[in-house]
Colleague: 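Here it is, the structure, as structure tokens.
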Protein chains: 2
Amino acid sequence: MARKTIKHVAERASVSIGTVSKVLNGDPTVKARLREQVLAACGELEYRPNQVAASLRRQHSKSIGILVPDVSNTFYAELVGLIEDCVTKSGYSTIITFGGENPEKMQGRIRSLMDRDVDGAIISPSFNGSELLIPENGNSFPIVVVDRISAQDSFPTVATDNVGATRAGTDYLLSIGHRNIAMVSNSPEIYNSFERIEGYKARMAEAGVEPDLVIVGMSEADAESGVTKLLQRSNPPSAIFTADHLITKGAVRSLQKNGVRMPHDISLLAFDDVDWLSLVEPGISAIRQPTGQLAETAWYQLQQVIQGNSNGNTKSRLPADLVVRGSTASATIKNLKATGTQ
Amino acid sequence: MARKTIKHVAERASVSIGTVSKVLNGDPTVKARLREQVLAACGELEYRPNQVAASLRRQHSKSIGILVPDVSNTFYAELVGLIEDCVTKSGYSTIITFGGENPEKMQGRIRSLMDRDVDGAIISPSFNGSELLIPENGNSFPIVVVDRISAQDSFPTVATDNVGATRAGTDYLLSIGHRNIAMVSNSPEIYNSFERIEGYKARMAEAGVEPDLVIVGMSEADAESGVTKLLQRSNPPSAIFTADHLITKGAVRSLQKNGVRMPHDISLLAFDDVDWLSLVEPGISAIRQPTGQLAETAWYQLQQVIQGNSNGNTKSRLPADLVVRGSTASATIKNLKATGTQ
DNA sequence: TAAAATTTATGAAACGTTTCATAAATATAG
DNA sequence: CTATATTTATGAAACGTTTCATAAATTTTA
């Protein structure tokens, strides 16, 4: 059975197409009687406006794109869900897409979004230089970057206050007596990592202790072997601060394989509070990013850009929380034990 | 700067609009010289065809919808990612959407998909009776149901062989000596749960031992308290089989809080092999659903329906794997220990 | 080389809406 | 009751493609 069109409705309501369109769009210049006829006809015919026709004519679609690298990453999964919530509540619909870690793929996806006349997009680019994503003639396409910002983004950005978060995390570790604190991070070429490293270094410097930075590759296995090397040093750290969720996985695996116990042998503090952190024993202390606020702010900013009342480069920074669980404990315990076993 | 249209290209290539369209769609009836002119013009203008105009005219969009309850569920996150992969490789694009656990919301989403002229959808409905999702006049909208099938689906379905999987899991637990095996599941009103329970019951019956079924609510907390009650019985089971990922979470939490150790005090076998199962200690044995095959098969089936060469109710069942880790062990160990401590 | 057959290019209609200028209907004023 | 102002409804154009009937160009045949 072919789809019903506005034409059928018009016929059935004995009214012009234009009138139908008006009532459907809430135009007040149509009299009650006709309005009712039209509404009745719509109901009887189960009419639903064809959005692609409407988009074509209007030149916008009341929908936005959401582009993240990969939804099997818990952080993005949560973020995407929350953004979708906000957006849908405003009567927009969403087209969610994954860009992976590959610039071309990402570029392809974002263009395909534009080709669908979405009104804008919230993106987490998987690499720096997000402006390169947009074709020359699409300068004015509304975009806000969330989470994966870079130093020179020319779009509004919304991100966690990475520096503040790792500074606070480091501060916490220092405050419970640790001095020998290693941070395990991805390459600082990833701007998030860069910032997280900065916060850590800054606080370490203030405390007058040497930073101990271990850079690892992008895979869980890289993180695991990096941490293993750390543990095998003659003087391993008393605390490890992992800079993201994947690294935390690798670290936990390494600790397990090497029979190193938290928090007695070593304290572990994770960046990104994903679900399983509270399921291992002991629970792992973590920096929790404000995902909900990230989502809300990103959508708010995008709306500003779409409506044209944005200077186009607002930079939002949202504060993170520290969640203390059992994996971090006073350094003395560890030291006692360490001395005992050495 | 306004978007370039096919008209601009035609002008620049000194050629008609129709010709441009032809070369863009690979029509062979256009001579090499013109083809090159057109291609050149496209390049120079950075032309990208407007998909909404194309969709409107063609009456299909070379895109499909993917609808799952919620991507913060690891299983769906993985599934969605894999489906997107397959689909994109075939030159289709995807619109991903979340239906939540609410029928109306879900219905809204699927209609919005239809309103966008997607050519079909792969859905995991969050409740039974998926045919109710489709409006009367949309009978012929191509749909395949993945994972969340129900008894009376009138669409092609693709799912894990739940019965076989829990049968195999139960068999494994029996084979290592357990007789007192409890299954903790959601209500059998969820068809997946129903099937998983069936497999368990069938194998238990074959072995001539009493099944021990605990039905819990849909939340992690429900699962946790269900398991806690189980543990507090005077004669608790020697093995627990959790029927999905959320229940497993609740179970692990309950075991932890009650100081019950795996596998010595109790063996745990989980349905759904999510990432953290290998990060807790000991690693949790699990039934691993064939997500990759689920994705591929669903897309294959949907293509069949779209192309009209499907009878419309193929039911695919894919076998699951058993992954043995440290949480399950021979019942004797537990029994020894149990007797010792009682 | 003219006519017929074939290949290749064109222009206009169509997809289902929204929008805008204008026609029709109704209300207000003189 | 006519003329004018105002409100409400209409019809056609437009959005950017694809497609199809036909025109133009080219090739083949006689």
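In what follows, chains are A, B, ... by sequence order, proteins preceding strands, each numbered from 1.
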Colleague: Assuming nearest nucleotide by heavy-atom distance, tell me which of B/Lys31 and B/Arg57 is located more 5' along DNA chain C.
Modeller: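 The residue closer to the strand's 5' end, by nearest nucleotide, is B/Lys31.
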
Colleague: For B/Leu56 and for B/Pro28, find the nucleotide of DNA chain C with the closest heavy atom, then tell me which residue's nucleotide is more 5'.
Modeller: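 Result: B/Pro28.
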
Colleague: For DNA chain D, what residues of residues 33-42 of chain B have any heavy atom nearer than 4.0 Å?
Modeller: none

Colleague: Do the side-chain N and O atoms of A/Ser63 and A/Arg116 include a donor-acceptor pair separated by under 3.5 angstrom?
Modeller: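 No donor-acceptor contact under 3.5 Å links the two side chains.
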
Colleague: Can you sort out the partners of A/Tyr300 under ring pair (Phe, Tyr, Trp, His ring centres under 6.0 Å), two or more places apart, ordered by chain and number?
Modeller: none

Colleague: Name each donor-acceptor pair under 3.5 Å that joins a side chain in residues 33-43 of chain A to protein atoms two or more places apart or in another chain, with its distance.
Modeller:
from: A/Arg35; atom 1: NH2; to: A/Asp27; atom 2: O; distance (Å): 3.3
from: A/Arg35; atom 1: NH2; to: A/Val30; atom 2: O; distance (Å): 3.3

Colleague: So, using salt bridge (Lys or Arg N to Asp or Glu O under 4.0 Å) as the criterion, who are the partners of B/Glu44 when residues are at least two apart?
Modeller: B/Arg12

Colleague: Going 5' to 3' along DNA chain D, which are the first and last nucleotides with any atom under 4.0 Å from a heavy atom of chain A?
Modeller: D/dT8 to D/dG16

Colleague: If you look at every strand shown and take non-hydrogen atoms under 4.0 Å, does A/Lys7 touch a base, only sugar-phosphate, or nothing?
Modeller: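 No contact at all - A/Lys7 keeps every heavy atom at 4.0 Å or more from the nucleic acid.
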
Colleague: Which sits closer to the 5' end of DNA chain D, A/Ser14 or B/Pro49, going by the nucleotide each is nearest to?
Modeller: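 The answer here is A/Ser14.
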
Colleague: Could you tell me which residues satisfy salt bridge (Lys or Arg N to Asp or Glu O under 4.0 Å) with A/Glu101, sequence neighbours excluded, listed by chain and number?
Modeller: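 Testing A/Glu101 for salt bridge (Lys or Arg N to Asp or Glu O under 4.0 Å), a comparison that skips the adjacent residues, returns A/Arg148.
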
Colleague: Does anything in residues 51-79 of chain A pair up under ring pair (Phe, Tyr, Trp, His ring centres under 6.0 Å), and if so which pairs, sequence neighbours excluded?
Modeller: none

Colleague: Hey, does B/Thr29 reach any base, or is it just sugar-phosphate, or nothing, if we go heavy atoms under 4.0 Å?
Modeller: sugar-phosphate

Colleague: Can you name the residues that form a side-chain contact (heavy atoms from CB on, under 4.5 Å) with B/Lys31, not counting sequence neighbours?
Modeller: none

Colleague: Touch check for A/Ser21, heavy atoms < 4.0 angstrom, all strands: base, sugar-phosphate only, or nothing?
Modeller: base

Colleague: Please report how far the helix from C/dT1-D/dA30 to C/dG30-D/dC1 bends, comparing the axis fitted to its first five pairs with the axis fitted to its last five, to the nearest 10 degrees.
Modeller: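 Comparing the first five pairs with the last five, the axes sit 50° apart.
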
Colleague: If the test is side chain to side chain contact (heavy atoms under 4.5 Å, CB included), which one of A/Val20, A/Leu24, A/Val23 qualifies with A/Val9?
Modeller: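 When side chain to side chain contact (heavy atoms under 4.5 Å, CB included) is applied between A/Val9 and each of A/Val20, A/Leu24, A/Val23, only A/Val20 qualifies.
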
Colleague: The criterion is ring pair (Phe, Tyr, Trp, His ring centres under 6.0 Å); which residues satisfy it with B/Tyr92, sequence neighbours excluded?
Modeller: B/Trp299

Colleague: Filter on salt bridge (Lys or Arg N to Asp or Glu O under 4.0 Å), then keep only pairs touching residues 63-80 of chain B, sequence neighbours left out; what's left?
Modeller: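 Counting only pairs at least two positions apart or across chains, the salt bridge (Lys or Arg N to Asp or Glu O under 4.0 Å) contacts touching residues 63-80 of chain B are B/Glu78-B/Arg288.
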
Colleague: Not counting sequence neighbours, which residues clear salt bridge (Lys or Arg N to Asp or Glu O under 4.0 Å) with A/Asp115? List them please.
Modeller: B/Arg3, B/Arg48

